[in-house]
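Position 1 is the first residue of the sequence; numbering continues from there. As the structure is a computational prediction, the values presented were derived from the model and not from experiment.
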Amino acid sequence: MRISDEVKKEIIEKVCIEEIVSSYVNLKRTGRSLKGLCPFHAEKTPSFNVTPDKGTFYCFGCQKGGDVITFVMEIEKLTYPEALQFLAQKAGINLDFEESESAFASEESKFKKQLFSLYDKITSALNYILLNKPYAEKALEYLISRGVSQDLIEKFQLGYIPPDRKWLYNFLRKKSYSEDFLAKTGLFSSNYKDISIFSGRIIFPIFSKSGKVIAFGGRSMDFSGKPMPKYINSPESPIFKKSEELYGLNFAQKEIRKSNFIYIVEGYTDVIAMFQAGVENCVAPLGTAFTENHADIIRKNCSQIILVFDNDEAGFKATVKSAYICEKAGLVCSVIVLPEGSDPADILKKQGKEALKNILKYPINSFGFLINKYKTVYNLSKEEGIKDYLNKLFAFVSISESEVTRSNRLKAIAEILDTDYANVYDDYIKYFKKDDKEIYKTTVLTWDIDKISPELYLMLAVIDNYDYFYMVRDELSVDNIHDKTARNIYIVLEEAYRNNSFSLENMLEKIENSNLRSLIRKKLSSEEFSVNPKQLIDDSINVIKLKNLQTKRVRIEKIIAKDDGSDPYQLEKLIEEKLFYDKEIEKLKGTNVNNV
């Protein structure tokens, strides 16, 4: 079943690209467009533009651009029909996707859809079991004892799988799921196809940024002391990459953007404890250390990060590594020092919401935290201890892009060591052999902007201001356009004009050259053609007319120069034609056009 152009048009008209993109990128309005950090590549300066009135986006850094469908395809890693279905649901439009799936979807996309559906059903079933079944009472009591309310159990869709290791397999087989499919779901042992890896555990569904269940985490309820992991996660899959996800982000995103900062905690229960205390701008990595990918995700949503890790050796190491990654990514980083041997969930359980909220009121700048913490790690009365102390701190000094910040940090080190700033600065220069700033490589647009002809420039201006195309067709025919690329665009625009059916994306679909499509999106996002567009188009038309007249005059002059005088009448006609061109050229030179 083909998805009609009418349905696609209805979907695009009913969804707002600003709202869709804003759920992934923190956008700020600048003129008629919105800007933010690109979600498709790492950057510190916003180069990602959304133009709501045209329904388009474009990144000047990586050159990705398109409409809202393209954006969803890129950000959610969806096929074209899957992206249409995603947006149709947002718009409240019923798409009979099942019928069209066989025509469009790859085997991988079909598997992803089946996996999403399965995970959604499992989540609902396990949540019901936790809240209603007698054999789940111990698990429910444990959560309540940790200060987790029923409201949050339902919000985070927490669940429970019975201890019977074959229960989940038998349950799903009765629901007609095949053995082959279940073997690929990540729910069962790779050696024993009917043994659930999550049996007897409290289940924490892991949601994508858009709110889909993409994996599960499980907390053991076996307190016997047997050697087994307390927490386990689903293995990575086509819909789940640990280093690209943060637990709780789908629930926290709105508050993160509102407050412009985020708390990072260690695990599921800590996130839920923070929410229980009314602190909803909080997330956690998923069974892996904090990574550059995580920092990149956060930077798209806010500029400040507060680390809330356990106050033990492992927590300190995680704080150091995470702070370095955050500062290198350009995030303002602070640290909450928790009471020794406690985490947010412990504080909530033992002292209550207010105690947890009070502790969170006093973050310490990450460098201030490290400069004092390392004093307790290294013996500063010995030369070797001072050397290690300096090397650890110089790593954090070097990643700052601000000269003032670097200077202040070196002064702080000098004060701690009770020595002259000059001494610390000299040691820093010796340490600092090369700039540690990361250079982000971006794809270079292969279309050379210097090769844009006046004709192509005019066509780009008209695409951005299609209401003025009538001016072009009144003054220039397609035969007046000598640039082949510009001619092709003129033909597409003329067709749209005659059919009264201009659409930017429909037009782009008819342009096969991907570099040209990228150039069009780039130019349209730059707002280059938005200031006094009528005058700009009129001037561009005159530039083309002028160049055409000059070309014709040169041609006539060459013919006159070669004339042998054998036909005086013919020579007179040639001279009259040249004089006509001279007059027309002088007229055009009298306009606002520069003689190019």
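- Cation-pi geometry between Lys212 and Phe116 is met: under 6.0 angstrom from the ring centre, within 45 degrees of the axis.
- Of all heavy-atom pairs between Leu182 and Tyr177, the closest is CD2-CB, 3.8 Å.
- In summary, the aromatic rings of Tyr466 and Tyr468 are positioned with their centroids too far apart to meet the 6.0 Å limit.
- With salt bridges taken as basic N to acidic carboxylate O contacts below 4.0 Å, none links Lys242 and Glu236.
- Using modelled atom types, no side-chain atom of Arg521 and backbone atom of Thr56 make a donor-acceptor pair closer than 3.5 Å.
- Ring centroids of Phe529 and Tyr457 are separated by less than 6.0 Å, placing the two rings close together.
- Leu172 has its side chain within reach of Ile122: a pair of non-hydrogen atoms, C-beta onward, lies under 4.5 Å apart.
- Between Lys241 and Glu245, none of the side-chain N atoms (NZ, or NE/NH1/NH2) sits under 4.0 Å from a carboxylate O, so this pair counts as no salt bridge.
- Residues Glu179 and Arg173 have side chains in contact (heavy-atom distance under 4.5 Å, counting atoms from C-beta outward).
- Close placement of the Phe71 and Phe40 rings is indicated, their centers lying within 6.0 Å of each other.
- Residues Tyr160 and Met221 form a side-chain contact, since some pair of their non-hydrogen atoms from C-beta on lies under 4.5 Å apart.
- A donor-acceptor contact closer than 3.5 angstrom links the side chains of Ser303 and Asn260.
- At a threshold of 4.5 Å between non-hydrogen side-chain atoms, the residues Asn49 and Phe60 count as touching.
- Contact detail for Ser525 and Thr51: the closest heavy-atom pair is CA-OG1, 4.3 Å.
- When all heavy atoms of Ile325 and Ala295 are compared, the closest pair comes out as CG2-CB, 3.8 Å.
- One side chain, Glu76 or Ser210, offers a donor N or O that lies under 3.5 Å from an acceptor on the other.
- Under 3.5 Å, the side chains of Ser117 and Asp120 contain no donor-acceptor pair of N or O atoms.
- Two residues are said to be in side-chain contact when any heavy atoms from C-beta on lie closer than 4.5 Å; Ile153 and Asn127 meet this criterion.
- When side chains are defined from C-beta on, Gln253 counts as touching Asn301, because their heavy atoms get closer than 4.5 Å.
- No hydrogens or angles considered: nothing links the side chains of Tyr490 and Arg473 as a donor-acceptor pair under 3.5 Å.
- When Phe171, Phe198, Tyr169 are each tested for a ring pair (Phe, Tyr, Trp, His ring centres under 6.0 Å) with Phe188, only one passes: Tyr169.
- Across Tyr247, Phe216, Phe156, a single residue satisfies side-chain contact (heavy atoms from CB on, under 4.5 Å) together with Phe204, and that is Tyr247.
- For Tyr470 and Tyr497, the distance between ring centers is not under 6.0 angstrom.
- Ion pairing between Lys300 and Asp296 holds under the 4.0 Å rule for side-chain N and carboxylate O.
- Residues Phe290 and Leu307 have side chains not in contact (no heavy-atom distance under 4.5 Å, counting atoms from C-beta outward).
- Annotation: side chain of Ile520 is not in contact with side chain of Met459 (no heavy-atom distance under 4.5 Å).
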